[in-house]
Amino acid sequence: SLIGDVGGGTTDVAYALVGGSERAPRIFGSWGLPKGGTDIDIELSLAAFMPLFGRGEPGIPVHHFREAASVHSPPQQKEFRSHDYRNTVPPFRQRLTALQGFGATSQLNRQAERMKIHLGTHTHGRADLSFAEAGLGVDMDRSHLAAAYADFLDRLRALLERASGEIGETPESIFLTGGSSRAPAIQAAIRAQFPDVPLVIGDPSLGVVSGLAA
C-alpha cells in the first residue's frame with residue numbers, strides 16, 4: 001500500500017507492505033515535502049486577506065504580510081508586531097495596527113483555515129475580518145482557493161510522480177491520513193496520479209497517533 005500523511009506542516013508518503021503474515025509493516029520507500037495545510041492557509045491569507053491590509057501598497061514591505069500570516073512561527077510573529085505603521089496611509093494604518101493586537105493574527109489564520117475548508121465544498125463564501133475593523137470582510141470564491149493550492153499541488157504532483165517511478169508497480173491501495181488529507185483538491189491530485197488504485201480515507205486527526213500506539 002501507498003500511505004500518505006498530509007499534515008499541517010509536512011507531507012509524507014511511504015510504500016509499505018501492511019498486514020498479512022508480517023508482524024510489522026515493511027517499508028520499501030518513503031518520500032516527503034516540508035509543506036502541508038499550514039502553507040495553504042498562509043497562501044490563502046496572502047491572496048485574499050492581505051490586500052485589505054495594504055499588500056501591494058507602496059511603502060509597506062511585502063514580507064510584513066507573510067510574517068503576519070505565519071502564526072506557526074513565533075519569530076515572524078514577533079517581527080511583525082515590532083513594525084511601526086504610524087506613517088502608513090489609512091485605512092491600512094489602522095488595520096495593520098489592529099492586526100498587531102493580541103490574538104488578531106490567530107483570528108486571521110482561523111478565518112483562512114475556515115475558508116479553505118468551506119471553499120472545498122462550496123463555490124462562494126465570506127470571511128469576517130471585523131476583529132480588525134468593524135464591518136470588514138471579504139467575499140471569496142474557488143479562484144482564491146485555486147491560487148492558494150497551486151504551489152502545494154505542483155509540489156505534491158512532482159512528489160507522487162517520483163514515488164510512482166521509484167515504486168515501479170501499481171500499489172494495491174492508497175491510505176490517506178493527516179488533517180489536510182480530507183481536502184478535495186489533495187484527494188483529486190492523488191487520484192489523478194493513481195487513477196485505478198482504491199483510495200482509503202483514514203481518520204484524518206487520529207490516524208497517525210493510532211498507528212504509533214499500535
Side-chain angles (χ1 to χ4, degrees), residues 1-45 47 69-73 109-123 125 142-214:
S1 292
L2 192 68
I3 302 166
D5 174 16
V6 189
T10 63
T11 298
D12 301 288
V13 174
Y15 186 52
L17 175 63
V18 181
S21 59
E22 298 282 344
R23 296 186 60 186
R26 268 202 298 156
I27 298 175
F28 300 107
S30 61
W31 305 265
L33 287 176
K35 287 184 175 290
T38 298
D39 299 279
I40 298 166
D41 296 341
I42 290 173
E43 293 303 322
L44 187 58
S45 180
S70 300
V71 295
H72 64 290
S73 171
N109 178 257
R110 282 196 293 271
Q111 285 294 319
E113 184 178 26
R114 184 182 72 82
M115 291 307 302
K116 176 184 70 176
I117 295 169
H118 177 82
L119 291 172
T121 54
H122 298 77
T123 57
R142 289 277 178 85
S143 67
H144 295 98
L145 192 65
Y149 268 103
D151 179 68
F152 177 80
L153 290 179
D154 284 345
R155 292 170 183 263
L156 178 62
R157 291 186 191 104
L159 177 74
L160 294 173
E161 288 176 6
R162 181 157 61 91
S164 179
E166 294 182 16
I167 289 170
E169 60 186 19
T170 301
E172 291 184 2
S173 64
I174 298 174
F175 179 81
L176 282 184
T177 188
S180 297
S181 67
R182 70 191 83 187
I186 291 174
Q187 294 181 14
I190 294 171
R191 285 194 171 99
Q193 181 64 42
F194 300 96
D196 301 319
V197 180
L199 190 61
V200 180
I201 310 299
D203 187 321
S205 301
L206 301 177
V208 174
V209 174
S210 298
L212 290 171

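For this chain, numbers begin at 1 and follow the sequence in order.
Using modelled atom types, one side-chain atom of R142 and one backbone atom of L119 make a donor-acceptor pair closer than 3.5 Å. Without hydrogens or angle criteria, D39 side chain to G36 main chain gives a donor-acceptor distance under 3.5 Å. At distances below 3.5 Å, not a single donor-acceptor pair connects side-chain atoms of S73 with backbone N or O atoms of S70. Of the possible polar contacts, one joining the T11 side chain to the K35 backbone as a donor-acceptor pair under 3.5 Å is found.
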* **Steps toward side chain to side chain contact (heavy atoms under 4.5 Å, CB included) verdict (Y149, K116)** => CA-CA 9 Å; Y149 268 103; K116 176 184 70 176; 3.8 Å; yes

* Evaluate side chain to side chain contact (heavy atoms under 4.5 Å, CB included) for R182 paired with I201, printing each intermediate quantity in order. => CA-CA 8 Å; R182 70 191 83 187; I201 310 299; 5.9 Å; no

* To do: Under the side chain to side chain contact (heavy atoms under 4.5 Å, CB included) rule, what do L159 and R162 come out as? Steps first, then yes or no, please.
  => CA-CA 5 Å; L159 177 74; R162 181 157 61 91; 3.6 Å; yes

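Atom OH of Y15 sits about 10.0 Å away from atom OG of S164, to the nearest 0.5 Å. From S181, atom OG reaches atom CD1 of I174 across 12.5 Å, with rounding to the nearest 0.5 Å.
Pairing each heavy atom of A14 with each of I27, the nearest pair is CB-CG2, 4.5 Å.
Residues passing the ring pair (Phe, Tyr, Trp, His ring centres under 6.0 Å) test with H118, sequence neighbours excluded: H122.
Counting only residues at least two apart or in different chains, side-chain hydrogen bond (donor to acceptor under 3.5 Å, both in side chains) contacts with residues 185-199 are absent.
Counting heavy-atom neighbours within 6.0 Å of E172 CD, excluding the residue itself, gives a total of 12 or less.
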